[in-house]
Amino acid sequence: MSVDVSDKQINPESLGMAKKRDKKVYITDIAISKVPLVQYKGFTDNQNRVMQRLAQEVLTVSKEENDSNKVAITCDLGADNPLEVYGISFGTEHEVDVRADTLSNHILVSQKSVVVVVLHNHPSTQTFSIQDIRFFLEFPVLEVMVVVSNQGAVHYLRREESYDLKKAVALFNECVEDLGKDSPLTEIYLASLSFLAKSSEVGIYYR
C-alpha cells in the first residue's frame with residue numbers, strides 16, 4: 001500500500017525560500033563527540049553502539065565531504081559487520097534522496113533488517129520532517145529510521161508489534177491534507193509534529 005501524497009509534494013524551491021532565515025548549522029568535532037549512546041527499544045548493547053557509530057559517521061561524512069549538508073546512511077543491521085559496508089547518499093542543504101545511492105537502494109530492497117540514519121542541518125529540523133515520515137511509511141523493511149541534528153541530537157522511529165500501516169497512512173494523509181506546494185515552513189513542520197504526537201496510536205514508537 002503506497003502513501004497517497006502525490007498531490008502533496010513539497011516544492012524544494014519554496015521550501016528553500018522559507019528557510020532563508022533558518023541558517024544552516026555547521027558541524028563541529030564537539031558535536032560529533034557528544035552524539036549520545038541511545039538505548040534503542042529492543043536493541044542489544046552491541047546494536048546500540050553500532051547505531052551511535054552510524055550517527056557519528058553521518059556527521060563526520062557531512063562535515064568532511066559535504067559542507068555540513070544533508071547526508072543519509074543506509075545500513076543492514078543484520079550483517080555480520082554492519083559498520084564495514086553501508087550506503088551513503090549525499091544531499092543538498094535542504095534535501096537528500098536516500099535511493100540515489102546504488103548501495104543504499106540495494107540494501108533497502110534486498111535486506112530484512114535495515115536502518116537509515118539521516119542528517120538534518122537546520123535548527124528548525126531537529127526532528128523528523130514530513131518527507132522523512134513519508135519515506136519511513138513507504139519502506140516497511142526499515143526497522144529503524146534515525147534523525148541526527150548537526151548538533152548531535154538523536155531521534156528515531158520504530159514500528160511496534162501493534163503497527164497498523166492502514167492507520168499510519170490515514171494519519172499521515174490527515175496531517176498533510178492542508179499542505180500545498182507553497183506552504184510555509186512553519187506549517188510543514190507542524191504537520192510532521194502532529195504526526196509524531198499521534199504516532200503511538202498507529203503503532204509507531206517515537207523518541
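We're numbering straight along the sequence, starting at 1. Bear in mind the structure is a predicted one, so any value in this text is a computation, not a measurement.
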TODO: Mind listing the closest non-hydrogen atom pair of Glu174 and Lys198 along with its distance?
DONE: OE2-NZ, 3.5 Å

Task: Side-chain heavy-atom pair Val154, Val147 within 4.5 angstrom cut-off - done: no

Task: Side-chain heavy-atom pair Val85, Leu103 within 4.5 angstrom cut-off - done: yes

Task: Between CD on residue Glu64 and CG on residue Leu59, distance to nearest 0.5 Å - done: 11.0 Å

Open item on the list: Tell me whether Phe135 shares a hydrophobic cluster with Val141, the cluster being built from Ile, Leu, Val, Met, Phe, Trp, Tyr side chains joined at under 4.5 Å.
Closed with: yes

Open item on the list: Quick test of your reading: applying side chain to side chain donor-acceptor pair (under 3.5 Å), list the pairs with at least one residue in residues 51-62, sequence neighbours left out, ordered by first then second residue.
Closed with: Glu57-Tyr86

- [ ] Show your reasoning for whether side-chain contact (heavy atoms from CB on, under 4.5 Å) applies to Leu142 and Val116.
- [x] CA-CA 7 Å; Leu142 273 177; Val116 169; 3.3 Å; yes

TODO: Determine which pairs satisfy salt bridge (Lys or Arg N to Asp or Glu O under 4.0 Å) with at least one residue from residues 27-51, sequence neighbours left out, and list them in order.
DONE: Asp29-Lys63, Lys41-Glu160

Task: Residue pair Asn48 / Tyr40: nearest heavy atoms and the distance that separates them - done: OD1-N, 3.0 Å

Task: Check: Pro184 main-chain N/O paired with Glu187 side-chain donor or acceptor under 3.5 Å - done: no

Task: Nearest-0.5 Å distance that lies between atom CZ in Arg134 and atom CG in Asn173 - done: 10.5 Å

Open item on the list: For a quick check under 3.5 Å, do Lys24 and Asn69 share a side-chain donor-acceptor pair by atom type?
Closed with: yes

Task: Note, Arg158 side chain near Arg207 side chain (heavy atom, < 4.5 Å) - done: no

Task: Test side chain to side chain donor-acceptor pair (under 3.5 Å) applied to Asn105 and Thr102, step by step - done: CA-CA 5 Å; Asn105 188 60; Thr102 303; over 6 Å; no

- [ ] Identify whether Val144 and Leu37 are in the same connected component of the hydrophobic contact network (ILVMFWY, side-chain heavy atoms under 4.5 Å).
- [x] no

- [ ] Decide yes or no for Val118 and Met145: does some side-chain heavy atom of the first lie under 4.5 Å from some side-chain heavy atom of the second?
- [x] yes

Task: Any Cys175 side-chain heavy atom under 4.5 Å of Phe195 side chain - done: yes

Task: Student check: side-chain heavy atoms of Leu196 and Ile133 closer than 4.5 Å - done: yes

Open item on the list: Under a plain distance cut-off of 3.5 Å, with no hydrogens placed, do Tyr189 and Thr127 share a side-chain donor-acceptor pair?
Closed with: no

Open item on the list: I'd like to know if the side chain of Asp132 pairs up with that of His120 as donor and acceptor (distance under 3.5 Å, no hydrogens or angles considered).
Closed with: yes

Open item on the list: How long is the straight-line distance from OG of Ser68 back to OH of Tyr26, given to the nearest 0.5 Å?
Closed with: 6.5 Å

Open item on the list: I need the minimum non-hydrogen distance between Gly87 and Ile107, along with the two atoms involved.
Closed with: N-CD1, 4.0 Å

Task: From OG (Ser162) to NZ (Lys167), nearest 0.5 Å - done: 9.0 Å

Task: Cationic N near anionic O, under 4.0 Å, Arg159 to Glu143 - done: no

Task: Salt-bridge criterion met for Lys112 and Asp76 (N-O under 4.0 Å) - done: no

Task: Within-4.5 Å side-chain heavy-atom neighbours: Leu77 and Val114 - done: no

Task: Whether Asp101 side chain and Ser104 backbone form a donor-acceptor pair below 3.5 Å - done: yes

Open item on the list: Taking side chain to side chain contact (heavy atoms under 4.5 Å, CB included) as the criterion, tell me which of Val117, Val146, Thr74 meets it with Leu54.
Closed with: Val117

Task: Any donor-acceptor pair under 3.5 Å from Ser194 side chain to Ala191 backbone - done: no

Open item on the list: The test is side-chain contact (heavy atoms from CB on, under 4.5 Å); show your working for Phe128 and Ser192 and say whether it passes.
Closed with: CA-CA 7 Å; Phe128 290 89; Ser192 63; 5.7 Å; no

Open item on the list: If you take the centroid of each ring, where Trp contributes its six-membered ring, are Tyr156 and Tyr205 closer together than 6.0 Å?
Closed with: yes

Task: Whether Asn121 side chain and Asn150 backbone form a donor-acceptor pair below 3.5 Å - done: no

TODO: Give a yes or no answer on whether the side chain of Ser110 reaches the backbone of His106 with a donor-acceptor pair at less than 3.5 Å.
DONE: yes

TODO: Could you pull out the closest heavy-atom pair between Leu137 and Ile204, with the gap in Å?
DONE: CD2-CD1, 4.0 Å

Open item on the list: Strictly distance-based, threshold 3.5 Å: is any side-chain N or O of Asp164 a donor or acceptor partner for the main-chain N or O of Ala168?
Closed with: no

Open item on the list: Within this structure, what is the OG-CG distance for the pair Ser149 and Leu119, rounded to the nearest 0.5 Å?
Closed with: 8.0 Å

- [ ] Measure the shortest side-chain to side-chain distance between Ile32 and Ile27 over non-hydrogen atoms and say whether it is less than 4.5 angstrom.
- [x] yes

Open item on the list: My understanding is that only residues two or more places apart in sequence, or in another chain, count here; which of them pass ring-ring contact (aromatic ring centres under 6.0 Å, His included) with Phe90?
Closed with: none

Open item on the list: Please report the interatomic distance CZ(Phe172) to CZ(Phe136), rounded to the nearest 0.5 Å.
Closed with: 12.5 Å

Task: For Ser89 against Val96, the heavy-atom pair lying closest together - done: O-CG2, 3.6 Å

Task: Where Pro82 and Cys75 come nearest, the two heavy atoms and their spacing - done: O-SG, 3.3 Å

